[in-house]
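The sequence lines fix the lettering, A, B, ..., with proteins before strands; numbering per chain opens at 1.
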Number of protein chains: 2
Amino acid sequence: MPDSNYTPQTVVKRLPVYLRVLDNLLRREVEVISSKELSSETGFTAEQIRKDLAYFGAFGTRGTGYQTSYLREKILKIIGLDQKTPIIIIGAGHLGIALTRYNVTNNPYVRVIAVFDNDPEVVGQKIMHIEILGVSEMERIIREYNIKVAVLAVPADKAQQVVDELTGYGIRAVLNFAPTKINVPAGIQVHNADLAIELQSLIYYSSSEEERMNRLKKSKEKKGEKEIETGQ
Amino acid sequence: MPDSNYTPQTVVKRLPVYLRVLDNLLRREVEVISSKELSSETGFTAEQIRKDLAYFGAFGTRGTGYQTSYLREKILKIIGLDQKTPIIIIGAGHLGIALTRYNVTNNPYVRVIAVFDNDPEVVGQKIMHIEILGVSEMERIIREYNIKVAVLAVPADKAQQVVDELTGYGIRAVLNFAPTKINVPAGIQVHNADLAIELQSLIYYSSSEEERMNRLKKSKEKKGEKEIETGQ
DNA sequence: TAGATTGTTAATCGATTAACAATC
DNA sequence: TAGATTGTTAATCGATTAACAATC
């Protein structure tokens, strides 16, 4: 029963793109924007943009378009970015450090409260002004700051165990960079940001259609042979 | 005209997941696996897995399942990972460095040929054993190693310009970490791995359905008020 | 042969695109 | 009023799920 207020995930994923474009437009002091112009800025169709926004309300003016700053405010509210979201990052390896720096410098909508690691060598150090804490401090920090969102940058073999802990402490959404499937109770969101998988699926497209078809043909032929060999 | 050999992108994105699971199974010396078991390892349905594989051929044995090592070989061929793919990484900032290390240590299917940066301070340094070269060397390296895949980790305002160069030198697929839309000629693939956007869409789900509905309601009410205020 | 599981076709579901009335 | 553009409903497209015959 997808209740009447259900919004497809595919729509939700586009909202931050709209937000970014609106931020850029405001910087350029563009005060009004049509769905057609938003289309050329985002790469999504104008129809899709209008339909996406219609899930949440009617924010435009017929004949004119959308008031940039007003639409931005609305989208901020819809996503829940009207206040800075406190987040934590688990894992202070190279990726964890890069993600911390990235979010501190480039993501104005979140506040990185702390980074956690189990290596005593790095605990106590700082990434920019953010402290690296031992994992034993996780529960305290999560509860103290009422943190709901965690970024996971730990090795694959530690990921499930860490997420079990996190959900136990009240975390509701995890951005998982560990290359492994994670099981969570209903209602908890895990989004996978699997860099190796992204790259590998891209490699599929890096050969021409012709090369792919040749590989495929060879694949099918070999299967044929194999069946004959073993089929007797 | 989606020709008969066209494979949906959504299927291609699942192939590396199958590959990873098969790698793990082989390590555990599991020799045969059913679509049902693959389902529990991947989180995709058994029907979907069988249908995905059917795009490329018939690799299983009815009544038995799939031979792990054979299916792995086939998927390697399909994606084009049967030989190590040479890639380059553009941008030796924190993210570029993290991506380089990550792929060198964790992605056995690619070989990072070089990292490029325009900062003379970092050019000449090494990340693990990989050299950081000036961007003026890009063309030479791309042509010398016949590189088709690039990972882009440069600031947003440099991204389009760099990609224009890359495609000019023969790059056919770009994994873009820069938070901006990139325009490319037909036939060139750009996949966006936008970390801030991933995180922001996750934040949407970090509040409960109730909280979201409240925000939404408020949003719609305010819009209502606004219409009344300005509608006279 | 009986049991299991694939490969494939048909049915369903969901998302995108097209069309257009509403309205600024 | 004429032109423009939204918001919304209907049509289309594509992907997932269900069903089942083929076959090991």
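In this structure, B:Q48 atom CD and C:dG14 atom P are separated by 14 Å, rounded to whole Å. Remark: P of D:dT6 and OH of A:Y70 are 15 Å apart, rounded to the nearest angstrom. When rounded to the nearest whole Å, the span between CD1 of B:I33 and C1' of C:dT6 equals 14 Å. Rounded to a whole Å, the CG atom of B:L38 is 12 Å from the C1' atom of C:dT6. Distance, B:D52 CG to D:dG14 P: 17 Å, rounded to whole Å. Protein atom CZ of B:F44 is 15 Å distant from nucleotide atom P of D:dA15, rounded to whole Å. The nearest whole Å value for the distance from the CZ atom in A:F59 to the P atom in D:dT8 is 11 Å. The CD1 atom of A:I49 sits 13 Å away from the C1' atom of C:dT16 (whole-angstrom rounding).
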Bracket string, DNA chain C, 5' to 3' - pairs by Watson-Crick or G-U geometry under 3.5 Å, | interstrand: ..||||||||||||||||||||||
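Under 3.5 Å, the side chains of A:E37 and A:S40 contain no donor-acceptor pair of N or O atoms. Side chains of A:N107 and B:Q200: a donor on one and an acceptor on the other come within 3.5 Å. Residues A:S206 and B:R172 bring no donor and acceptor atom of their side chains to less than 3.5 Å of each other. Judged purely by distance below 3.5 Å, without hydrogens or angles, the side chains of B:Q67 and B:S69 pair a donor atom with an acceptor atom. Side chains of A:D82 and A:Y109: a donor-acceptor N/O pair is absent below 3.5 angstrom, by distance only.
Nearest nucleotide to the A:E47 side chain, out of D:dT6, C:dA18, D:dA18: C:dA18.
Between the side chain of A:Q160 and the backbone N or O of A:N183, at least one donor-acceptor pair lies under 3.5 Å. A donor-acceptor pair under 3.5 Å is absent between the side-chain atoms of B:N192 and the main chain of B:D194, judged by distance alone. Under a 3.5 Å cut-off, the side chain of B:E211 and the backbone N or O of B:S208 do form a donor-acceptor pair. In this structure a side-chain-to-backbone donor-acceptor pair under 3.5 Å is missing from B:D52 to B:F56.
Distances shorter than 4.0 Å separate some side-chain N or O of B:T45 from OP1 or OP2 on D:dT17. Of the side-chain N and O atoms in A:T10, one or more sit less than 4.0 angstrom from OP1 or OP2 of C:dT16. Neither OP1 nor OP2 of D:dA4 sits under 4.0 Å from any side-chain N or O of A:Y66.
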Restricting to nitrogen or oxygen on both sides, can you table the protein-nucleotides 22-24 of chain C pairs closer than 3.5 Å?
unit_1	atom_1	unit_2	atom_2	d
C:dA22	N3	A:R62	NH1	2.9
C:dC24	O4'	A:R62	O	3.2
C:dC24	O2	A:R62	O	3.4

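At the heavy-atom level, B:K51 lies under 4.0 Å from base atoms of the strands shown.
Each of A:R14 and B:R50 lies near DNA chain C, and the nucleotide nearest B:R50 is the one positioned closer to the 5' end.
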